[in-house]
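Each remark here refers to the structure printed beneath this line.
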There are 2 protein chains.
Amino acid sequence: MTTRTDAPTRREQILKEAARLFAERGFHGVGVDEIGAAVGISGPGLYRHFAGKDAMLAELLVGISGRLLTGAKRRLAEAGGVAGPEAVLDSLIEGHIDFALDDRPLITLHDRELDRLRDSDRKLVRQLQRQYVELWVEVVRQVHPDLAEPAARSAVHSVFGLLNSTPHLGRRGFLPGRGATAELLHRMARGAFASASSPVAG
Amino acid sequence: MTTRTDAPTRREQILKEAARLFAERGFHGVGVDEIGAAVGISGPGLYRHFAGKDAMLAELLVGISGRLLTGAKRRLAEAGGVAGPEAVLDSLIEGHIDFALDDRPLITLHDRELDRLRDSDRKLVRQLQRQYVELWVEVVRQVHPDLAEPAARSAVHSVFGLLNSTPHLGRRGFLPGRGATAELLHRMARGAFASASSPVAG
DNA sequence: CCTCCAGGTTAACGAGCGCTAACCATCCTG
DNA sequence: CAGGATGGTTAGCGCTCGTTAACCTGGAGG
């Protein structure tokens with residue numbers, strides 16, 4: 001566990017606020033002055049920490065994709081040997097839900113602002129995303145062997161859509177607690193995969 | 001059925017291209033010159049058809065929400081009397097899938113650029129969206145009576161996320177045909193709702 | 001104590017944007 | 001055939017935005 005207790009550095013403050021603002025109003029809808037104001041400095045002071053506005057977005061998106069993939073690999077390694085594929089899939093779902101619930105702005109950015117990146121960064125992010133998807137596809141096909149590969153890939157993308165719906169839930173603050181929401185999402189994801197494979201049983 | 005065979009008007013061309021461009025690069029990422037070029041006229045010629053760039057986005061978003069709600073009401077009225085709630089839910093899912101598969105750019109805009117609207121337009125769109133959600137919630141709770149209302153609402157939002165994942169599917173052109181995809185999404189949506197209500201049966 | 005650097009500041013530049021103004025062609029109508 | 005909509009055009013204004021330049025300050029090191 002790499003839990004941090006020390007204060008966040010200025011760079012991290014900026015990234016966090018930039019993520020929130022980008023998620024709220026879109027990359028082009030946020031000015032550098034606003035980002036600066038959000039961390040108590042103003043405008044061009046950001047350039048002491050980042051090469052430009054694009055660099056902030058790039059670092060955010062690469063960071064997201066990397067963390068998702070790293071976490072998934074770790075979970076696969078931890079649960080893969082001892083437990084069956086069902087437990088691995090549950091662990092993957094749990095990890096993705098944790099991310100979707102704890103870092104909603106990043107989830108929003110994840111599939112929204114990818115096209116604003118420089119070619120090299122975008123290729124890197126897409127490669128990480130693709131690896132993440134493929135890892136899921138393999139596990140899903142172990143749990144549901146009757147699922148063909150294209151269908152499995154579609155199913156994985158759709159379940160991502162389901163899990164990533166968290167930004168739309170709390171609009172009115174009406175969601176029933178983090179634990180209950182996580183459990184609900186988990187059950188729905190498993191149910192969606194199950195119904196994707198077998199032509200339903202009821 | 002109100003199938004049109006006549007040629008689309010200039011206004012409709014503009015709206016269609018604007019939707020595609022907005023979905024691809026974001027509202028602020030597209031210039032009026034690009035929208036004009038996409039329909040063969042250039043730049044300020046758009047102002048003969050729309051009051052401004054904002055007006056195009058507004059008309060798109062209001063149109064989307066309105067069509068979704070109208071279609072859902074119609075399906076509820078058609079299938080509501082003769083068939084059971086299960087058939088109504090299937091019809092709602094079918095309608096939403098048709099929309100998600102046939103109008104992907106609009107699906108993308110739907111939950112991405114809402115905040116760029118004037119206050120009045122945004123309130124209108126949100127009201128239509130809310131009605132649409134509530135309609136779904138009622139039907140879902142008829143099919144799954146053991147589902148509490150907050151959970152049902154969360155489940156509906158999550159299934160929207162699942163169905164609206166279509167823009168992410170065809171990136172590499174690897175999706176297995178429209179019919180198969182629609183059927184897969186339909187089964188997954190039903191499975192997700194079922195697993196949302198009962199704490200799973202397997 | 002002088003120096004230097006990290007991390008700020010404000011001023012200003014240049015590009016791009018939405019939008020308006022002014023003008024022009026085509027066509028339908030009286 | 002006059003004439004006014006209709007739907008284009010190009011030029012250009014004004015504003016915003018990302019970025020750079022130039023300058024300032026507090027604290028650490030020799």
Determine the contact category for A/V30: base if any of its heavy atoms lies under 4.0 Å from a base atom, sugar-phosphate if only primed atoms, P, OP1 or OP2 are that close, otherwise nothing. sugar-phosphate
Interatomic distance where CD1 belongs to A/I14 and P belongs to C/dA6 [whole Å]: 16 Å
Could you give the CG-to-C1' distance, from A/L46 to C/dA6, as a whole number of Å? 15 Å
It should be established whether B/R10 places a side-chain nitrogen or oxygen under 4.0 Å from OP1 or OP2 of nucleotide D/dG8. yes
Using a heavy-atom cut-off of 4.0 Å across all strands, would you classify A/G52 as base, sugar-phosphate, or nothing? sugar-phosphate
Just to confirm, is there a sub-4.0 Å distance from OP1 or OP2 of D/dG8 to any side-chain nitrogen or oxygen of B/H49? yes
In terms of the angle between their ring planes, are A/F193 and A/W136 parallel, tilted or perpendicular, with boundaries placed at 30° and 60°? tilted
Residue pair B/R20, B/E17: steps toward the salt bridge (Lys or Arg N to Asp or Glu O under 4.0 Å) verdict: CA-CA 5 Å; B/R20 182 179 56 81; B/E17 295 302 311; 2.6 Å; yes
Round to the nearest Å and state the distance from A/D33 atom CG to C/dT10 atom P. 10 Å
Round to the nearest Å and state the distance from B/K53 atom NZ to C/dT20 atom C1'. 17 Å
Has the side chain of B/S195 got a donor or acceptor atom that lies under 3.5 Å from a matching backbone atom of B/A192? no
Select one nucleotide: of C/dT20, C/dC23, D/dC23, the one nearest the side-chain heavy atoms of A/R48. D/dC23
B/T166 and B/A100 have their tightest heavy-atom pair at OG1-O, 2.9 Å
To the nearest Å, how far apart are B/Y47 OH and D/dT10 P? 16 Å
Given atom CG of A/L57 and atom P of D/dC17, what is their separation to the nearest angstrom? 18 Å
Report, as yes or no, whether the 6.0 Å neighbourhood of atom CZ on A/R74 holds more than 12 heavy atoms from other residues, nucleotides or ligands. yes
Considering every strand and a 4.0 Å limit on heavy-atom distances, what is the contact class for A/G45: base, sugar-phosphate, or nothing? base
Measure from CG on A/L21 to P on D/dC17 and round the result to the nearest Å. 13 Å
Could you state the atom-to-atom distance from CZ of B/F50 to C1' of D/dT6 in whole Å? 16 Å
Testing C/dG8, D/dG8, C/dA21 for proximity to the side chain of A/I41, the answer is C/dG8
